[in-house]
Amino acid sequence: MGSCCTPDNSCSTNSGEATAVAVADSTVTVYAVSGMTCGHCKSAITTSVGALDGVLSVDVDVDGGLVTVTTGGEPDDAAITAAVDDAGYELTGRA
């Protein structure tokens, strides 16, 4: 186990393999979202959008009104819009 390429063992497990694939084939898209005001907003959007198929990571900037979504390929804008709407916020377009 000591032969991992990073000190925190991030590449010695299956998750490391997935990360390597994700980095090679991922697409990062930034969306403008209105109505976010606090940590609960961030959590709700992260959970809702993160549950979608193909979404690898979600980063929410509450103050900037931005949601950065990393997907394994082209993002499904309609599904992401619906997930943000389900969480109680409005996706106003790509930033």
Side-chain angles (χ1 to χ4, degrees):
M1 291 275 185
S3 65
C4 181
C5 57
T6 62
D8 65 359
N9 296 327
S10 65
C11 64
S12 68
T13 64
N14 289 339
S15 66
E17 292 171 17
T19 300
V21 171
V23 169
D25 299 328
S26 64
T27 301
V28 176
T29 309
V30 181
Y31 297 94
V33 176
S34 65
M36 300 185 298
T37 58
C38 65
H40 170 75
C41 302
K42 179 176 182 171
S43 176
I45 290 174
T46 301
T47 300
S48 185
V49 174
L52 297 173
D53 286 342
V55 173
L56 304 173
S57 69
V58 180
D59 182 53
V60 178
D61 176 4
V62 172
D63 293 333
L66 301 174
V67 177
T68 303
V69 181
T70 304
T71 53
E74 283 301 308
D76 182 345
D77 286 348
I80 292 170
T81 299
V84 169
D85 186 60
D86 287 347
Y89 306 94
E90 181 184 1
L91 189 150
T92 56
R94 289 191 181 196

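Each residue takes its place number in the sequence, starting with 1. Predicted model, so just to flag it, every value in this text is computed and none were measured.
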Using the rule that two of Ile, Leu, Val, Met, Phe, Trp, Tyr join whenever any of their side-chain heavy atoms come within less than 4.5 Å, decide whether V49 and L66 are in one cluster.
no

Test T68 against D61 for side chain to side chain contact (heavy atoms under 4.5 Å, CB included), laying out the working first.
CA-CA 8 Å; T68 303; D61 176 4; over 6 Å; no

Using the rule given for side chain to side chain contact (heavy atoms under 4.5 Å, CB included), can you reason through D76 versus L52, listing the C-alpha separation, both sets of side-chain angles and the distance that settles it, and then say yes or no?
CA-CA 9 Å; D76 182 345; L52 297 173; over 6 Å; no

For A87 and A44, which heavy atoms make the closest approach, and how far apart are they?
CB-O, 3.9 Å

Interatomic distance, K42 atom NZ to T47 atom OG1 [nearest 0.5 angstrom]
11.5 Å

Could you check whether any side-chain heavy atom of T27 comes within less than 4.5 Å of a side-chain heavy atom of P75, counting everything from C-beta outward?
yes

Closest non-hydrogen atom pair, T92 against V33:
OG1-N, 4.4 Å

Indicate yes or no: at least one non-hydrogen side-chain atom of Y31 is less than 4.5 angstrom from one of D77.
yes

Sorted by chain and residue number, the side chain to side chain donor-acceptor pair (under 3.5 Å) partners of Y89 (sequence neighbours excluded) come out as none

Taking V58's backbone N and O only, do any of them form a donor-acceptor pair with T46's side chain (distance below 3.5 Å, no angle check)?
no

Identify the two heavy atoms, one from T70 and one from S26, that lie closest to each other, and give their separation to 0.1 Å.
CG2-CB, 3.6 Å

For I45, run the side-chain contact (heavy atoms from CB on, under 4.5 Å) check against V62, V69, V67 and tell me which one passes.
V67

